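Here is how names work: the chains are called A, B, and so on, in the same order as the sequence lines, proteins then strands, and each is numbered from 1. If you're wondering where the values come from, they're calculated on a predicted model, not measured in any experiment.
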Number of protein chains: 2
Amino acid sequence: MDILKPTESELEILQILWQNGPSSVRFVNEELTKQREVGYTTTLKLMQIMFDKKLLSRTEEGRYHLYKAEIEEEATQINLLEKFVDATFRGSAMKLVMQALGNHDSSKEELEEIKKLIESKMQK
Amino acid sequence: MDILKPTESELEILQILWQNGPSSVRFVNEELTKQREVGYTTTLKLMQIMFDKKLLSRTEEGRYHLYKAEIEEEATQINLLEKFVDATFRGSAMKLVMQALGNHDSSKEELEEIKKLIESKMQK
DNA sequence: TTTCGATTACGAAAATTTTCGTAGTAAAAT
DNA sequence: ATTTTACTACGAAAATTTTCGTAATCGAAA
């Protein structure tokens, strides 16, 4: 049911697949290892579990499997964001936005973009 | 060490303490129960664990304990936000902000506030 | 003072998530 | 054809988080 609430490790794997497209376990594991030590079979097992949960699909390519994310990045982000706002900011998206803007540097272009979005929302 | 990364259940308890100030286990449990069924001893045990971890402090008030959050709401939010942005938006706070603004309704006043913050940041 | 009721202490079980060892398999290299 | 290499499958262990039953404690009520 909670297909849209992947665990932290699952999310790490999804990120790699979203960024690189369908990949082998080997590749995913190598990407993960750039951040921290992870055993190959650990990654394999996780991806098999995710396959069972239908978070991933896979195709046989010769003698190995190519795994593909079966949930969309943006839909997942929206879903996780919703839960995060509730749990951490008691549902106040505004508080989160203020906090995020306050604590992260951003370029003029990015700020301009956000400003435009706000202005368009204020029209309504 | 991960004092600023409370678990989900711990965060629920912290929210209640942040909102209501120092409280008894009974009170916290009643608040939790408003959202979902939780046994009294479950809440008690969690708060005792949090006490051991120094997430909470407590004082004896007659025959019961008054528990108090020992970590600050805002510091915790900032910390969790940081991790969330990394895990879910690959570190792009802007993407998160756009997503949050796009998917949550907000009042003119709130939007105005954000706009002001952005304009002040654009000055620099 | 005794009983009752509410609370805390403690330990263990259950559930979830993460890790990894071992064995089996098949293609590639020798 | 045999060996080596690189995978996958499987199951179980470890670690973490959550839940709760039972016993002990202590103040309040009778």
Side-chain angles (χ1 to χ4, degrees), chain A residues 1-17 22-68 76 80 83-84 87-88, chain B residues 1-17 22-68 76 80 83-84 87-88:
Chain A
M1 188 70 302
D2 243 346
I3 262 176
L4 291 171
K5 183 97 197 284
T7 67
E8 282 187 30
S9 301
E10 287 174 344
L11 191 54
E12 285 184 322
I13 289 172
L14 285 169
Q15 293 289 5
I16 291 168
L17 293 176
S23 312
S24 66
V25 175
R26 172 67 52 200
F27 177 80
V28 170
N29 183 248
E30 269 161 15
E31 290 298 306
L32 285 178
T33 302
K34 286 180 183 171
Q35 305 168 326
R36 59 193 179 81
E37 219 29 66
V38 198
Y40 176 85
T41 51
T42 301
T43 302
L44 170 66
K45 182 65 171 185
L46 259 172
M47 291 176 73
Q48 287 173 341
I49 290 172
M50 292 170 77
F51 173 72
D52 291 340
K53 288 189 193 172
K54 318 263 200 234
L55 285 175
L56 308 182
S57 63
R58 72 186 178 194
T59 55
E60 308 225 357
E61 295 294 327
R63 62 176 161 150
Y64 58 87
H65 289 150
L66 259 197
Y67 285 85
K68 174 173 171 295
T76 305
L80 290 177
K83 292 185 166 66
F84 180 74
T88 308
Chain B
M1 194 61 312
D2 245 345
I3 263 176
L4 291 171
K5 182 97 200 281
T7 67
E8 281 187 30
S9 301
E10 287 175 344
L11 190 54
E12 286 184 323
I13 289 173
L14 284 168
Q15 293 289 4
I16 291 167
L17 293 175
S23 312
S24 67
V25 175
R26 172 66 51 198
F27 176 80
V28 170
N29 184 248
E30 271 161 12
E31 290 296 307
L32 284 179
T33 303
K34 286 179 183 171
Q35 305 170 325
R36 59 193 180 83
E37 219 28 67
V38 200
Y40 176 84
T41 50
T42 300
T43 302
L44 170 65
K45 183 64 174 185
L46 258 172
M47 292 176 73
Q48 288 173 340
I49 290 172
M50 292 170 78
F51 173 72
D52 291 340
K53 289 189 194 173
K54 318 263 201 237
L55 284 175
L56 307 182
S57 63
R58 71 186 180 194
T59 55
E60 307 225 358
E61 296 293 329
R63 65 175 158 148
Y64 59 87
H65 289 151
L66 260 195
Y67 285 85
K68 176 175 171 292
T76 305
L80 291 178
K83 290 185 168 66
F84 181 74
T88 308

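Between Leu14(B) and Met50(B), the closest heavy-atom pair is CG-CE, 3.8 Å.
For dT18(D), neither phosphate oxygen OP1 nor OP2 lies less than 4.0 angstrom from any side-chain nitrogen or oxygen of Thr42(B). Contact annotation: Ser9(A) reaches the phosphate of dT18(C) (side-chain N/O to OP1 or OP2, under 4.0 Å). Phosphate contact (OP1/OP2 of dT19(D), side-chain N/O of Arg36(B), threshold under 4.0 Å): present.
When the P atom of dA6(D) is taken as reference, atom CZ of Phe27(A) falls 18 Å away, rounded to whole Å. Computed from coordinates, the Leu55(A) CG to dT17(C) C1' distance equals 14 Å when rounded to whole Å. Rounded to a whole Å, the CD atom of Glu12(A) is 15 Å from the P atom of dT17(C). Taking atom CD of residue Glu61(B) and atom P of nucleotide dA28(D), one finds them 13 Å apart after rounding to whole Å. Rounding to whole angstrom units, CG of residue Asn29(A) and P of dT18(C) are separated by 15 Å. Counting to the nearest Å, the P atom of dT18(C) and the CG atom of Leu11(A) are 11 Å from each other. Look at CE on Met47(A): it is 17 Å from C1' on dC20(C), rounded to the nearest Å. The distance from atom NZ of Lys53(A) to atom P of dT16(C) is 10 Å, rounded to the nearest whole Å.
Note that the OG atom of Ser24(B) and the CZ atom of Arg63(B) stand 11.0 Å from one another [nearest 0.5 Å].
Listed by chain and residue number, His65(B) satisfy the side chain to side chain donor-acceptor pair (under 3.5 Å) test with Glu60(B) (two or more places apart in sequence, or in another chain). Scored by the side chain to side chain donor-acceptor pair (under 3.5 Å) test, Glu31(B) finds Lys34(B) as partners (sequence neighbours excluded). Residues satisfying the side chain to side chain donor-acceptor pair (under 3.5 Å) test with Thr43(A), not counting sequence neighbours, are Asn29(A). Every residue meeting the side chain to side chain donor-acceptor pair (under 3.5 Å) condition with Gln15(B), not counting sequence neighbours, appears here in chain and number order: Arg90(A). For the salt bridge (charged side-chain N to carboxylate O under 4.0 Å, His left out) test, residues two or more places apart in sequence or in another chain that qualify with Glu8(A) are Lys5(B).
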Output one line per pair: protein atom, nucleotide atom from nucleotides 7-13 of chain C, and distance, for all N/O pairs under 3.5 Å.
residue : atom : partner  : partner atom : Å
dT7(C)  : OP2  : Arg26(B) : NE           : 2.8
dT7(C)  : OP2  : Arg26(B) : NH2          : 2.6
dT8(C)  : OP1  : His65(B) : N            : 2.9
dT8(C)  : OP2  : Tyr40(B) : OH           : 2.4
dA9(C)  : OP2  : Gln48(B) : NE2          : 3.0
dA9(C)  : OP2  : Arg58(B) : NH1          : 3.4
dG11(C) : N7   : Lys45(B) : NZ           : 3.1

